[in-house]
Amino acid sequence: MTGGLNGGPGGPGGGPGAVALGGGHGLYASLSALRRVTSQLTAVVTVADDGGSSGRLRRELGVLPPGDLRMALAALCGDDEWGHTWSEVVQHRFRSEGELHGHAVGNLLIVALWEKLGDTVAGLDWLGRLLGAHGRVLPMCSVPLDIAAEVELDGEISTVRGQVACALTPGRVRAISLVPEDPPACPEAVRAVLDADWVVLGPGSWFTSVLPHLKVPELAEALHSTRARRLVTLNLAPQPGETDDFSPQQHLEVLRRHAPALEIDVVLADTGVVDDRDELEKAAAALGGRLVLADVAAADGSPRHDARRLASVLDEIFHEKR
């Protein structure tokens with residue numbers, strides 16, 4: 001099975017070819033918006049999770065952690081009864097006193113398909129077909145990864161290893177690296193980035209979901225050389241443990257430190273979280289981009305993106321109306 005199932009960059013369908021990079025809830029928000037903008041959509045997902053159901057399956061079976069891949073597929077489900085039902089099914093977690101406790105149904109389905117087909121990408125494509133996913137989901141790497149974080153606490157620098165440990169560290173994360181150091185990129189993910197019209201980074205856990213893509217050599221090379229325009233969607237709130245007290249512009253400064261040659265065309269931020277527009281514009285300009293401010297947060301005041309608001313703004317940006 002090759003190519004996207006419901007359109008992918010370079011495939012049939014309406015809208016620009018878009019690739020969204022990230023993981024977890026941030027990528028879920030991005031995909032929930034992007035699937036309303038284009039039918040040519042590919043998610044490229046981090047594979048460093050070592051906690052919960054994903055961590056247990058990874059340790060027991062030696063597979064890629066499926067959790068962030070599952071969430072991406074759930075985000076691509078449609079708004080009809082079929083999409084809502086399957087999205088809820090794959091996200092459902094068992095509650096018991098036994099070994100199944102905490103496992104997500106979608107994680108087990110993904111791993112079963114991997115064992116049946118012997119092909120990571122084919123397994124995700126098959127599940128995407130079952131769900132009626134509006135796009136394609138790919139891992140960023142062909143092997144499971146660990147994140148190693150350089151952490152500062154009380155003036156001391158130490159290294160913390162593992163995504164869960166990085167997210168929970170009481171210190172401030174300064175930089176990350178991957179173990180293994182030069183992991184093999186998923187070839188289909190590299191091709192998707194090279195063929196895209198737009199590449200979207202963020203929102204999401206900055207050090208454990210967004211920046212890891214820049215540490216995979218072949219993927220980083222594609223991100224630098226692609227003809228696609230590049231957009232960064234900034235978070236609505238700092239990530240506890242990872243980016244406590246970070247301003248929006250500090251997120252961009254960290255991105256620049258990890259990929260100094262990467263040019264960004266557009267930085268999208270919610271109007272309500274920007275205290276210093278001038279400084280944020282300077283940080284965006286340092287990456288080669290322009291700042292777009294818009295109301296993209298949920299109306300209830302929670303720190304999450306509203307899918308329809310975000311979709312509307314992304315559509316305007318993609319069509320050069322904003």
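The structure displayed is predicted, hence computed values, not measured ones.
- Partners of D80 according to the side chain to side chain contact (heavy atoms under 4.5 Å, CB included) rule, which considers only residues two or more places apart in sequence or in another chain, are W82.
- Hydrophobic side-chain contacts under 4.5 Å tie V179 to no other Ile, Leu, Val, Met, Phe, Trp or Tyr residue.
- Under the side chain to side chain contact (heavy atoms under 4.5 Å, CB included) criterion, A237 pairs with P303, sequence neighbours left out.
- Take E320 and apply the salt bridge (charged side-chain N to carboxylate O under 4.0 Å, His left out) test, not counting sequence neighbours, and it matches R229.
- Taking 4.5 Å as the limit, every side-chain heavy atom of S312 sits out of range of all side-chain heavy atoms of R309.
- Taking R227 as the reference, D197 meet the salt bridge (charged side-chain N to carboxylate O under 4.0 Å, His left out) condition, with sequence neighbours excluded.
- The distance from the CG atom of L291 to the CD atom of E281 is 5.5 Å, given to the nearest 0.5 Å.
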Item to complete: Show your reasoning for whether side chain to side chain contact (heavy atoms under 4.5 Å, CB included) applies to S54 and N107.
Response: CA-CA 7 Å; S54 285; N107 289 356; 3.8 Å; yes

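- To the nearest 0.5 Å, the span separating CD on Q91 from CE on M71 amounts to 5.5 Å.
- The side-chain contact (heavy atoms from CB on, under 4.5 Å) with P183 is formed by just one residue from the set P212, P144, S142, P217; it is P217.
- When the ring pair (Phe, Tyr, Trp, His ring centres under 6.0 Å) test is applied to H92, the partners found at least two apart in sequence or on another chain are F94.
- With respect to P139, the side-chain contact (heavy atoms from CB on, under 4.5 Å) criterion is satisfied by exactly one of T46, L124, V45: L124.
- Summarising the geometry, atom CD1 belonging to I264 is positioned 4.0 Å from atom CG belonging to L262; distances are rounded to the nearest 0.5 Å.
- Atom CZ of residue R35 and atom CG of residue D79 lie 4.5 Å apart, to the nearest 0.5 angstrom.
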